[in-house]
Amino acid sequence: MTDKMIPKEYDHKKEKYWQDKWEDDEIHKFIDDGKKPRYIIDTPPPYPTGSIHMGHVLNWVYIDMIGRYKRLNGFDVLFPQGWDCHGLPTEVKVEQTHNIKKNQISRNGFRKLCVDLTEENIDLMRSQMQSIGFSQDWSREFITMTPEYMKRTQYSFLKMVGKDLIYQGIHPVNWCPRCQTAIAFAEVEYESNDTFLNYLRFKGLAKNKKSEDGVLIATTRPELISACVAVVVNPEDERYSDIVGEKVEVPLSGNEVQVIADDEVDPNFGTGAVMVCTFGDKTDVSWVKKHNLDTIEIIDEKGIMTEAAGKYKGMNLNECKLSIIDDLKEQGCLEKQKTVGQNVGQCWRCETPIEILVKKQWFINVNKLNTDIKEATEEINWIPEHMKSRLINWTDSMQWDWCISRQRIFATPIPVWFCKECGKIHVAIEEELPVDPTQNNPIAIDKNGNKVDYICDCGSTDFQGEEDVLDTWMDSSISPLSIAGWPEPNYKDYFPADLRPQGHDIIRTWAFYTILRSKALTGLKPFKDIEINGMVFGEDGYKMSKSRGNVIAPDEVISQYGADALRIWAANSLPGSDLPFDWKNIKQGYKFLRKFWNAFRFISLHILEDEIKDDIKLEPLDKWILSKLNKLILDVGNGFNDYNFATTINSTQKFIWHDFCDEYIEAVKYRLYNKDDKCIESKLAGKYTLKTVLDTILKLLTPITPHFTHEVYSYFFKDKIEYIQNTNWPIINEEFLSRECENEGNIAIDLISYIRRFKSSSKIPLNQSLNTVNIYTEDEQLITILNQFKNDIIGTLKIENITIKNSKPNVNQKIVKVSPVMSKIGPEFKKNVGKIVQCIETTDPEEIAKNLKENGEIDIEGNKINESCLNIEKELVGESGKKIDLLNMDSLDLILEIIR
RNA sequence: GGACCGGUGGUCUAGGGGUAUGAUACCUCCCUGACACGGAGGUGAUCACGAGUUCGAAUCUCGUCCGGUCCACCA
C-alpha cells in the first residue's frame, strides 16, 4: 500500500485526470495480435449534432460496461466509435448559418461547408463522450464522410447492383417538398391532427335515371381535384351499383373519370365513394396500378401546383386548398364539411408533410431479401427477446422497395454515369472508388492494367454523372462490415460482430437495413447479439424532448456529481425498459461512492504497513463475508453476461454498503485495534479479508465506475501507475463459497445487530461496554455456532463477560402465538392445508407447544406437523431483576440476559 | 385498427403459485476511534379492476380499464 496521502473526501473532479491517463497510455486499444479472443462491438455511429444527450449516455454506458467487462475477462475488445455524418440536418444548418441555399454555390463548396460543420460537431461530441469515461479505441474511429468510408459504401452499392438487388426505376416515392428529396418509408413519421372531410358532388354523365344525381365523394384533399383520375366505390355497396362503369364529371377541372369498383373501399367511411388522385396517399398508388389509371403530376418538387392544376398553378398546397374550397362552394359542389381526425405522414427530419410524387429513383429490391432478413433475425440473440417481433412485423409490412436515392448534396455519391449519346447506365468499377461522378469521368482498366478513359458501347466518351446521392442509411447499414475491414479477405475474423447495441426507435431503420445489407453482401447475419435499450424519460415521466422542456444535459450532472454517479444511474436499468431520469438516483450513486471511499480510507489505515499474507487462519466471520463475496462475483458475472445491469449494480451496492461496511467492518474493528499479541492471528485474518474484499469489489465495479476504482486502486502502488482495467476479473474461489458459512455468519450477525438494537433502544452508547451477557438456549447446534463466533461477538459489542448456557434462565417462556409457515406446509400438505391452518389458528398455542414438546410433532387429522412448519412466538414472563434485561429473540431460539 | 411492454407502500422499484424486495421521502433515536455527506429503528401496499384454475394467485388463464412504445391507416 502507498504512503500517499489519501484525501478525506473523494473528489470526482479527478475523473478528468484518469480519462487523460487512459488516453495517453492507450489502455483501451484493440491489440489484434490474435493472442486473446476478440470481442467486436458494432458501436452506433451517432449523427453529429454537436452534443450528446441522456439517450446516448444510457446506450453507451451499457456498451462501455460490456467492453470493460470483456477486457477484464481476457478479451481483446474492439470498441470503435463512428459518426454518421451525411444527411439533411447538416445541410439545413449550413444553409441557415451561411444564409445560402444549396444551389447558390457549387456542389463542392457546399459539401466543404458541411464537412467543416460536421468536424466541429464531432470534436464536441467526442470530448463529451470522453468526459463520461467511455473506453472507445479512438484509433479505430470511423467517419462516414471520409473517402475511405465512402469507398466502402460505394463498393457495397456496386456489389448489390451486381447481384441484381439495386435498380433504377420510375415509381411513386415519398417526397419531402421542403428538403426536396425522396425519402424512404422508414423515414416517414405520422402525426395526427384534425382536418375537414369535404363532400363533393360529381355530376353523372350517363343519360339513365340513376346517374342523374351523380356521385357524392368525400375527401380531405380537395386541392388534388385536378389530379383526380377515377372514383372508386365498394363493389358490394348497393348505393352505387348502378353507376359503376359510368363516367362522372370532376368539379372545377371538368375532366371525365370513370366510376370503378374495388373492395378496398370502406363503405362506412365518408360517403363510401372515393376520388383517386395521383397521388393523395398510398392507396391511390395501389389503385392506379391495379386499375391501370393515368397519372397527373399536379405537385412539383417544391410542393407548388403545376401546369396541370390549371388556374391554381403556382400556388402552394395550402393556398390551393383554400382557393379550391372557395370555388367549390361558389359552384355549389361542396355539400358539406365535417371535422375528422387524420394522420399525416411527414418527413422525420423536418416534420414537413410528405407528398407522393412519381420520380426516377434508385431502389433496393427488398422483397427479394425478405426471407433472408427474417432468417437472420431469428438467428440473432435479441435482448430483450420481445424486440425481435418489431423487426419481423416491419419486414412483413414491406410493400414498397427501399428508395435509396436522395436529391441532396452532402451524402455519398451514387457511383453511376449516363451516356449522353445513348443514355446507357454505366456503374463505376472498383478501381476508381471513391468517386464523385459529378466531378469525374468514368475510367476503365485496359489489358495492361492501366487506367484509361471509359468508352461507352456506343463509342461515346461523353457522360453525365449521376447527381443523386445515397440515403444516409446506406452508409450506416454497413457499419459492422466496415469495422471488420470488409471487403478485405480476412474480414470474417471480425464478423459477424459480437454485439450490436442500439435503441428501439431505430429497429426499423438501422437494425433492419444492417441485416438486409449484411445478408445481401455476405450471406451472414451482421451480429450475434443485439441489445436494445429503452428511451430516457425526463423527471416528469415523458420522453426527454426540447419541446417538453424536460431535458437534462449530461454535462450538468457530471459537473455536480461526476461521471461515475451518472453511470450508476444508467447502469441501474435493463435493456428494453425505458429509464426515467432522476436526480435522487444520481445522488444515491454519489453517496454510495462517498461511503465506499470512507470504507477504503478506513481499510487503508490497517493494511498500509503490513504485508498481507495468504496462509492465514480465518475466523468464521471472515469466512462469512468471503462466501458472500464469492457469491457476489458469481451474481455480477451473470448480470453482465445476461445484460441484467440492474441486478449487477444493486447486488454490489447492497453487499458493500450493508454486508461489508455496516456489518463486517464494524465487527472486525475490535480485532484491528487490539494490541494484544495473542490476538495477532485474528488481526491478520481481518486484514487479509479486508484487503481481499476491497481488491475484489474494485474489479467488480470497474465496468460501472471506472474513475472511482482506478483512483482507489492507484493507492495500492507507491511510485507507478497500475491500471485496474489491466487486471483480471476475480475468479470465484469455490472453497469460500459456502452456504453453511453464510448461514452461520448470518446467525452471529443477527445476534450482534439484536444486541446493538437493544443498546440503541436502551440509550446505551454503542461504544459503552456491557458487563455480562448470558445466552440461554437448548439448541446444541446453535451453541456450537455461537461459540465459534464468540470472540467477534464480544469484541464488536464490548461485552466483558459472556456465557452460552445449555439451559433455561430462571424465567418462564410463554408461547403466545403459533402460526403456520406456508412455504413449508403448502407444498407438503397441499389439499389439507385449509384444515391444518384453521386448526393451528384456533387451538391454544400453549397446547400446541406442549404436544410438540412431548411428541416432536402435532397431529391434525392424521397430518403430522413438525416444528419446522410452525412459527412459534414466545414471550418472557416473570420479574426481571432491576439491572437485568431479558430478551427473547424472534429469529433465533434463545434468550438473552443482559447485565449492564 | 394491430403488435409489444407495463400497472406492486406518497414516489420509484425487485420478485413472477405459499401474502412482498430495495431505494427515496417522512417520523424517532444516536456524533460509536472510515463516514452525521453517517448509523440504528419506525409508520406506510388487501401487488389496477373483474372472473376463472388451485388447498392457496401479486404471480397462471380470460376479460376490462389505464399508461407507454412501435406499426398500420379511411380517401
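Within 4.0 Å of A:Trp657, counting heavy atoms only, lie sugar-phosphate atoms of the nucleic acid but no base atom.
Set against B:A75, B:C4, B:A34, the side chain of A:Trp287 has B:A75 as its closest nucleotide. Nearest to the side-chain atoms of A:Lys591 among the listed nucleotides B:A34, B:C73, B:G38 stands B:G38.
Searching all strands for a Watson-Crick or G-U wobble partner of B:A3 with both distances below 3.5 Å returns B:U69. B:A40: Watson-Crick or G-U partner is B:U28, with both key distances under 3.5 Å. Taking a pair to require two hydrogen-bonding distances under 3.5 Å in either a Watson-Crick or a G-U wobble arrangement, B:C49 pairs with B:G63. Across all strands shown, B:G33 remains unpaired; no Watson-Crick or G-U wobble contact has both distances below 3.5 Å. Figure legend. B:U54 is base-paired to no nucleotide; pairs are counted as Watson-Crick or G-U wobble with both atom distances under 3.5 Å.
A:Asp237 places no side-chain N or O within 3.5 Å of a backbone atom of A:Pro267 that could act as its donor or acceptor partner. Judged by distance alone, the side chain of A:Asn198 and the main-chain N or O of A:Thr219 form a donor-acceptor pair under 3.5 Å. A donor-acceptor pair under 3.5 Å is formed between the side chain of A:Glu531 and the backbone N or O of A:Asn533. Of the possible polar contacts, none joining the A:Asn674 side chain to the A:Cys679 backbone as a donor-acceptor pair under 3.5 Å is found. Formation of a donor-acceptor pair under 3.5 Å by the A:Thr271 side chain with backbone atoms of A:Leu216 is found in this model.
Between A:Lys8 atom NZ and B:G38 atom P the separation is 13 Å, expressed in whole Å. Taking atom CZ of A:Arg601 as the reference point, atom P of B:A34 lies 9 Å away to the nearest angstrom.
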Any N/O pairs under 3.5 Å between the protein and nucleotides 6-14 of chain B? List them or say none.
none

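No N or O donor and acceptor, one from the side chain of A:Glu666 and one from the base of B:A40, sit under 3.5 Å apart. At a cut-off of 3.5 angstrom, counting only N and O atoms as typed in the model, there is no donor on one side facing an acceptor on the other between the side-chain of A:Gln342 and the base of B:C74.
Within the structure, salt bridge (Lys or Arg N to Asp or Glu O under 4.0 Å) contacts touching residues 264-273 of chain A (residues at least two apart or in different chains) do not occur.
Looking only at atom types and distance, the side chain of A:Asn393 has no donor-acceptor partner in the side chain of A:Arg390 under 3.5 Å away.
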Practice task
If a protein heavy atom is under 4.0 Å from the base, mark B; if only from the sugar-phosphate, S; if neither, -; do that for nucleotides 55-60 of chain B going 5' to 3'.
Solution key: B-----
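The same atom, C1', is picked in B:G9 and in B:U24; the two are 12 Å apart, to the nearest Å.
Counting heavy atoms from C-beta outward, A:Phe202 and A:Met275 have side chains that approach closer than 4.5 Å.
Judged by a 6.0 Å distance limit and a 45° cone about the ring axis, A:Lys591 is not positioned over the six-membered ring of A:Tyr561.
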